[in-house]
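Position 1 is the first residue of the sequence; numbering continues from there.
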Amino acid sequence: MMPALSPQQLQVACTELSSAGLIRLVSEIDDHGAIPPRALACTLTDLTRDQIRQATEQADALGLLDRSHSGLGLTPAGGDLADLYDATARWARRNNYPAPVCDFAGRIRHTFALLGEPAANPRPTEGEADAELGRVQRLLAEWIHTHQPPQIRGDHGVAA
């Protein structure tokens, strides 16, 4: 069994991984493959140069990017995070969270904000929506335990 995340680790993880630029960058590469060198601004036209720079720096720090000769791709951690983003967006879309109409990144950001709330208990309690949200939280915890980015695990590793 996987050790539980502390509330602080969960909150830090949800905050670190919910940047709109990071979500956009990881999802774009996951959906369309590696981005050729010097083509980020042409590919991510909805982001400013500063947002692209921040997203790539954050993705590099989290170990999400593979900078090969073919361009900017995803590492296994990046691919797994893209899968987590997809699962999160599916839960939010099925449950009209935060609203019936919302973009992909907005659904992820709002759901991660919900998971990161100290008072929230997203473990399954009653109903299918709670059970599915608990699954998203478990996927997030698995991603953290598998890839253990230092920004999220803190100085002392993942809580036991």
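Atoms CD and CG, on Gln51 and Leu40 in that order, are 13.0 Å from each other to the nearest 0.5 Å. Summarising the geometry, atom OG1 belonging to Thr15 is positioned 10.5 Å from atom CZ belonging to Arg109; distances are rounded to the nearest 0.5 Å. Of the inter-residue distances, the one linking Arg24 atom CZ with Ile108 atom CD1 reads 11.5 Å to the nearest 0.5 angstrom. Interatomic distance, Glu16 CD to Leu22 CG, rounded to the nearest 0.5 Å: 8.5 Å. Rounding to the nearest 0.5 angstrom, the gap separating the CG atom in Leu133 from the CG atom in Leu115 is 5.0 Å.
Ala82 and Asp30 make their closest contact through CB-CG, 3.4 Å (heavy atoms, listed as atom of the first residue, atom of the second, distance). Residues Gly21 and Leu47 come closest through the heavy atom pair CA-CD1, 4.0 Å. Between Gly71 and Ala34, the closest heavy-atom pair is C-CB, 4.3 Å. Of all heavy-atom pairs between Phe104 and Ser27, the closest is CE2-OG, 3.2 Å. Pairing each heavy atom of Leu81 with each of Trp143, the nearest pair is N-NE1, 3.4 Å. What you find for Arg67 and Leu72 is that their closest heavy atoms are CG-CD1, 3.6 Å.
Considering only heavy atoms from C-beta on, Val26 stays 4.5 Å or farther from Leu65 through its side chain. Two residues are said to be in side-chain contact when any heavy atoms from C-beta on lie closer than 4.5 Å; Leu25 and Leu64 fail this criterion. By the 4.5 Å heavy-atom criterion applied to side chains, Leu74 and Asp66 are not counted as neighbours. Between Leu84 and Phe112 there is a side-chain heavy-atom pair separated by less than 4.5 Å. Side-chain contact between Leu10 and Gln137 is present, with heavy atoms from C-beta onward closer than 4.5 Å. The closest side-chain heavy-atom distance from Leu140 to Cys14 is below 4.5 Å. Counting only heavy atoms from C-beta outward, the side chains of Leu17 and Leu62 approach each other to under 4.5 Å. At least one side-chain heavy atom of Asp80 sits less than 4.5 Å from a side-chain heavy atom of His147.
The backbone N or O of Ala129 lies less than 3.5 Å from no partner atom in the side chain of Glu132, so there is not a single donor-acceptor pair. Side-chain N or O atoms of Arg107 include none that pairs as donor or acceptor with a backbone N or O of Ala89 at under 3.5 Å. Under a 3.5 Å cut-off, the side chain of Thr75 and the backbone N or O of Gly63 do form a donor-acceptor pair. For the pair Gln9 (side chain) and Ser6 (backbone), a donor-acceptor distance under 3.5 Å is present. A side-chain donor-acceptor contact under 3.5 Å links His110 to the backbone of Gly106.
In this pair, Trp91 and Tyr97 present their aromatic rings tilted. The plane angle is within the 30 to 60° band.
A salt bridge is absent between Glu142 and Arg138: the closest approach of a Lys/Arg side-chain nitrogen to an acidic carboxylate oxygen does not fall below 4.0 angstrom.
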query = Given Gln58 and Ser19, is the side chain to side chain contact (heavy atoms under 4.5 Å, CB included) satisfied, shown in steps?
reply = CA-CA 9 Å; Gln58 183 180 14; Ser19 154; 3.5 Å; yes
